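Report on one structure; see the data block that follows.
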Amino acid sequence: MLLYNTKTRKKEEFIPLEEGKLKLYACGPTVYNYFHIGNARAFLFFDVVRRYFEYLGYEVSYVQNITDIDDKIIEQAIAENTDFKTIADKYSEAFLEDTDALGIKRPHFQPRATEVMPQIIALIHDLQQKGFAYEVEGDVYFDTAALPEYGSLSGKQIEDQKAGARVAENIQKKHPADFTLWKKSKPGEPVWDSPWGEGRPGWHTECVVMSQHHLGQSFDIHGGGIDLVFPHHENENAQALALSGKPLARYWMHNGFLNMEGEKMSKSLDNFITARDILKQYDAEAIRFFFLSKHYRSPIDFNRELIIESDKAVDNFYKALAGIGMDSLDENPVSSPEILAHEESFQDSMNDDFNTAKAIATLFELANITRSANNELPLRQDAAKMLLKLGRTLGFFKDPEKRLTEEIPDLSKALVEMMLNYRNDARERKDWALADKIRNDLLALGIEIKDSPEGSTWNMRK
RNA sequence: GGCGACAUAGCCAAGCGGUAAGGCAGAGGUCUGCAAAAUCUCCAUCCCCGGUUCAAAUCCGGGUGUCGCCUCCA
């Protein structure tokens with residue numbers, strides 16, 4: 001399998017540290033607000049990474065942190081007139097609800113920064129002992145000049161960063177690139193005790209602590225949004241290198257941004273839509289399809305029409321499954337060579353740095369085989385089984401039965417049947433005007449009628 | 001100032017040297033009272049200019065345009 005490694009800026013063959021196992025870490029949210037659909041892209045993508053490795057038979061350990069102490073959380077607490085803990089709890093819970101709703105499987109471990117405070121302090125202390133950190137009046141900074149490899153992940157020369165960069169002056173720092181490990185608290189802020197006095201940790205240390213705790217000193221893949229390459233991941237990696245001489249992770253994967261009408265979506269630009277809001281309007285699998293229809297490293301432009309198109313596309317899969325009848329599918333493995341060849345091309349696509357757009361094309365080919373009445377039934381059933389298997393690897397088909405059999409009350413069902421009878425009476429009298437009126441009126445209610453030689457059927461139209 | 005990405009049909013999007021996947025939308029045929037569904041068929045030479053090559057959307061050089069990182073940020 002080839003993965004694009006941000007560190008080397010090229011695709012590399014993936015070789016796990018331990019055969020058959022994947023140790024994966026992806027940066028989670030800072031819980032100070034509902035996350036937006038740009039964030040959702042990252043969560044969704046690494047969910048697919050995890051699912052695909054599982055599909056390949058790997059034993060996966062997936063860790064995602066929840067940052068529950070941070071300046072922005074404190075700000076939000078002031079804005080909502082409460083304490084930071086209340087805010088963190090509220091939005092952590094919302095985060096879990098929304099990722100569940102998006103069909104994202106929960107990572108195996110979701111540690112929180114405040115749960116690992118002693119380890120964070122120990123790590124900073126260790127850095128200081130080794131000469132990579134210095135204290136200035138209760139604040140502790142990482143000394144980037146002490147680490148020759150600093151910049152090796154993001155490909156930055158620290159010297160180049162001065163001209164034109166919007167660097168806020170901090171007279172305490174020895175070098176502008178030095179970053180905060182421990183931050184002295186101001187009055188009224190939440191505090192933890194430390195060798196440097198009361199304060200709270202900087203953002204970059206918690207991920208090192210949490211990832212190494214669950215995955216070991218050095219692990220396979222570290223991921224996140226492209227904006228995290230610098231400084232966040234550079235700084236994480238710097239701490240790991242300073243401590244052990246080993247990089248934190250061997251492969252660094254970063255997803256591209258979601259843009260709003262060509263402009264970056266971000267909380268600070270105030271042009272964001274929360275995942276929570278979008279889920280109220282559109283199906284989770286349509287949102288998933290929208291993201292997966294483009295390669296994860298490319299920027300993607302958000303647009304409601306595209307979500308609607310995506311919804312239609314997903315519906316295509318379901319129509320194929322409905323056509324074959326889910327209950328007609330047995331447990332036997334797929335044996336048709338033609339269908340197995342499709343599985344291979346699916347894997348080829350995914351093995352090429354997660355080319356989900358191409359993998360989806362294979363899903364459509366399977367859907368077409370499934371629905372085509374020209375094919376023999378066993379072939380169609382094999383295609384349907386493969387469609388389900390591969391679709392689930394991408395996170396689709398969470399509950400096909402439910403989606404295919406819309407639940408509506410019995411009384412409504414009876415009323416629809418009644419209208420159908422009236423309409424059929426009209427049709428026998430060749431009263432086409434009335435028949436069409438009934439059909440149109442039902443359609444306006446979302447009920448779609450299909451006439452066939454065997455009689456009329458109806459279904460709810462999404 | 002430094003670093004980087006991208007430009008393919010009406011729209012979205014693969015493709016990474018051998019003559020343009022897939023989806024949405026659209027057109028036509030079959031079927032149908034009509035429609036829907038199903039089914040068959042059709043729909044691009046790849047931003048511009050130069051170069052390398054038997055062969056380029058794919059490589060090189062130069063343009064133009066869009067975007068991102070260097071500050072909290074997925």
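A quick note: this is a predicted structure, and the numbers were derived from the prediction, not measured.
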Next on the checklist: Under 4.0 Å, counting only non-hydrogen atoms across every strand here, what does A:Ile308 touch: a base, just sugar-phosphate, or nothing?
Outcome noted: nothing

Item to check | Strand contacts (RNA chain B) in residues 425-438 of chain A, 4.0 angstrom heavy-atom criterion | outcome: A:Arg427, A:Trp432, A:Asp436

Checklist entry - CG of A:Leu387 versus P of B:G23: gap in Å, rounded? => result 13 Å

Item to check | Whole-angstrom distance between B:A44 and B:U52, as gauged at atom C1' | outcome: 26 Å

Checklist entry - So which nucleotide does B:U52 pair with, by the Watson-Crick or G-U wobble rule with both distances under 3.5 Å? => result none

Checklist entry - Quick one: the side chain of A:Arg41 and the base of B:A74, do they pair up donor-acceptor inside 3.5 Å? => result no

Checklist outcome for this item: To the nearest angstrom, the CD1-C1' distance between A:Ile369 and B:G22 comes to 13 Å

Checklist entry - Which base, if any, makes a Watson-Crick or G-U wobble pair with B:A27, both distances under 3.5 Å? => result B:U41

Item to check | Geometric class of the A:Phe14/A:Phe53 ring pair [parallel <30°, tilted 30-60°, perpendicular >60°] | outcome: perpendicular

Checklist entry - How is A:Arg9 classified with respect to the nucleic acid when contacts are heavy atoms under 4.0 Å: base, sugar-phosphate, or nothing? => result sugar-phosphate

Checklist entry - Heavy atoms under 4.0 Å, any strand shown: does A:Ile360 hit a base, just sugar-phosphate, or nothing? => result nothing

Next on the checklist: I'd like the P distance from B:G18 over to B:A25, given in whole Å.
Outcome noted: 32 Å

Item to check | Nearest non-hydrogen partners of A:Asp68 and A:Ile73, listed with the distance | outcome: C-CD1, 3.4 Å

Checklist outcome for this item: Hits for side-chain contact (heavy atoms from CB on, under 4.5 Å) against A:Glu93, two or more places apart or cross-chain, chain-then-number order -> A:Glu97

Item to check | Nucleotide paired to B:C69 in any strand shown, Watson-Crick or G-U, under 3.5 Å | outcome: B:G2

Checklist entry - Is the shortest distance from a Lys or Arg side-chain nitrogen in A:Glu234 or A:Lys156 to a carboxylate oxygen in the other one below 4.0 Å? => result no

Checklist entry - Closest heavy-atom contact between A:Arg427 and A:Ser456? => result NH1-OG, 3.4 Å

Could you tabulate the donor-acceptor pairs under 3.5 Å formed by side-chain atoms of residues 438-447 of chain A, not counting sequence neighbours?
{"residue": "A:Arg439", "atom": "NH2", "partner": "A:Asp436", "partner atom": "OD1", "Å": "3.4"}
{"residue": "A:Asn440", "atom": "ND2", "partner": "A:Asp436", "partner atom": "O", "Å": "3.2"}
{"residue": "A:Asp441", "atom": "OD2", "partner": "A:Lys437", "partner atom": "NZ", "Å": "3.4"}

Checklist entry - Once you round it to whole Å, what is the distance between C1' of B:A21 and CG of A:Leu363? => result 14 Å

Checklist outcome for this item: A:Ile226 CD1 to B:C6 P, in whole Å, measures 11 Å

Checklist entry - If we take the P atom in both B:A56 and B:C46, what is their distance in whole Å? => result 12 Å

Checklist entry - Are A:Lys105 and A:Asp47 close enough for a salt bridge, meaning some N to O gap below 4.0 Å? => result no

Checklist entry - So, A:Lys11 and A:Asp352, do they make that salt bridge, N to O below 4.0 Å? => result yes

Checklist entry - If the sugar-phosphate is the primed atoms plus P, OP1 and OP2 and the base is the rest, what is the B/S/- string for nucleotides 8-15 of chain B, using protein heavy atoms under 4.0 Å? => result ---BSSSS

Item to check | Among B:C70, B:G33, B:A74, the nucleotide that comes nearest once only the side chain of A:Arg423 is considered | outcome: B:G33

Item to check | Sugar-phosphate, base or nothing in reach of A:Glu305, heavy atoms under 4.0 Å | outcome: nothing

Which pairs, protein N/O on one side and nucleotides 39-44 of chain B N/O on the other, fall under 3.5 Å?
{"residue": "B:U39", "atom": "OP1", "partner": "A:Arg371", "partner atom": "O", "Å": "3.0"}
{"residue": "B:U39", "atom": "OP1", "partner": "A:Ser372", "partner atom": "N", "Å": "3.3"}
{"residue": "B:U39", "atom": "O3'", "partner": "A:Asn374", "partner atom": "ND2", "Å": "3.3"}
{"residue": "B:C40", "atom": "OP1", "partner": "A:Asn374", "partner atom": "ND2", "Å": "3.2"}

Item to check | Inter-nucleotide P distance (B:A21, B:G61), Å rounded | outcome: 29 Å

Checklist entry - Quick one: do A:Lys72 and A:Asp70 make a salt bridge, cutoff under 4.0 Å? => result yes

Next on the checklist: Give me the distance, rounded to whole Å, that separates B:G28 from B:G63 when you measure between the C1' atoms they each carry.
Outcome noted: 43 Å

Next on the checklist: Work out how far the P atom of B:C11 is from that of B:C48, and round it to whole angstrom.
Outcome noted: 15 Å

Checklist entry - When the C1' atoms of B:A57 and B:C70 are considered, how many whole Å apart are they? => result 32 Å

Next on the checklist: Counting distance alone, no hydrogens or angles: does the base of B:C34 have a donor or acceptor under 3.5 Å from a partner atom on the side chain of A:Asp451?
Outcome noted: yes

Checklist outcome for this item: Taken to the nearest whole Å, CD1/A:Ile66 to P/B:A74 is 13 Å

Next on the checklist: Quick one: does any side-chain atom of A:Ser372 pair with a main-chain N or O of A:Asn368 as donor and acceptor, under 3.5 Å?
Outcome noted: no

Checklist entry - Is the centre of the A:Tyr32 ring less than 6.0 Å from the centre of the A:Tyr91 ring? => result no

Item to check | Phosphate-side-chain proximity, A:Asn316 and B:G22, N/O vs OP1/OP2 below 4.0 Å | outcome: no

Checklist entry - Who is the Watson-Crick or G-U wobble partner of B:C47, with both distances under 3.5 Å? => result B:G63

Checklist entry - If we take the P atom in both B:A5 and B:G15, what is their distance in whole Å? => result 16 Å

Next on the checklist: Within the 4.0 Å heavy-atom criterion, would you say A:Phe257 contacts the bases, only the backbone, or no part of the nucleic acid?
Outcome noted: base

Checklist entry - Within this structure, what is the CG-to-C1' distance between A:Asp311 and B:A25, rounded to whole angstrom? => result 15 Å

Checklist outcome for this item: Here the pair of heavy atoms bringing A:Ser152 nearest to A:Lys7 is OG-NZ, 3.6 Å

Checklist entry - For the pair made of CZ in A:Arg297 and P in B:C6, what is the distance, rounded to whole Å? => result 8 Å

Item to check | salt bridge (Lys or Arg N to Asp or Glu O under 4.0 Å) contacts touching residues 384-398 of chain A (sequence neighbours left out) | outcome: A:Asp330-A:Lys385, A:Glu343-A:Lys389, A:Asp382-A:Lys385

Item to check | Spacing of A:Asp70 atom CG relative to B:A74 atom P, expressed in whole Å | outcome: 10 Å

Checklist entry - Which residue lies toward the 5' end of RNA chain B, A:Tyr4 or A:Leu258, if each is placed at its nearest nucleotide? => result A:Tyr4

Next on the checklist: Could you identify the nucleotide paired to B:U32, looking across every strand shown and requiring Watson-Crick or G-U wobble geometry with both distances under 3.5 Å?
Outcome noted: none

Checklist entry - Reckon A:Gly256 touches a base, only the sugar-phosphate, or nothing at all at heavy-atom distances under 4.0 Å? => result base

Item to check | Closest non-hydrogen atom pair, A:Ala26 against A:Phe46 | outcome: CB-CG, 3.9 Å

Next on the checklist: Counting only Watson-Crick pairs (N1-N3 plus N6-O4 or O6-N4) and G-U wobbles (N1-O2, O6-N3), all under 3.5 Å, who is the partner of B:C16?
Outcome noted: none

Next on the checklist: By the 4.0 Å heavy-atom rule, please label A:Gly224 as base, sugar-phosphate, or nothing.
Outcome noted: sugar-phosphate

Next on the checklist: Can you see if the side chain of A:Lys312 gets near the phosphate of B:A25 - specifically, an N or O under 4.0 Å from OP1 or OP2?
Outcome noted: yes

Next on the checklist: Contact between A:His175 and A:Tyr141 at the side-chain level, heavy atoms closer than 4.5 Å - yes or no?
Outcome noted: no

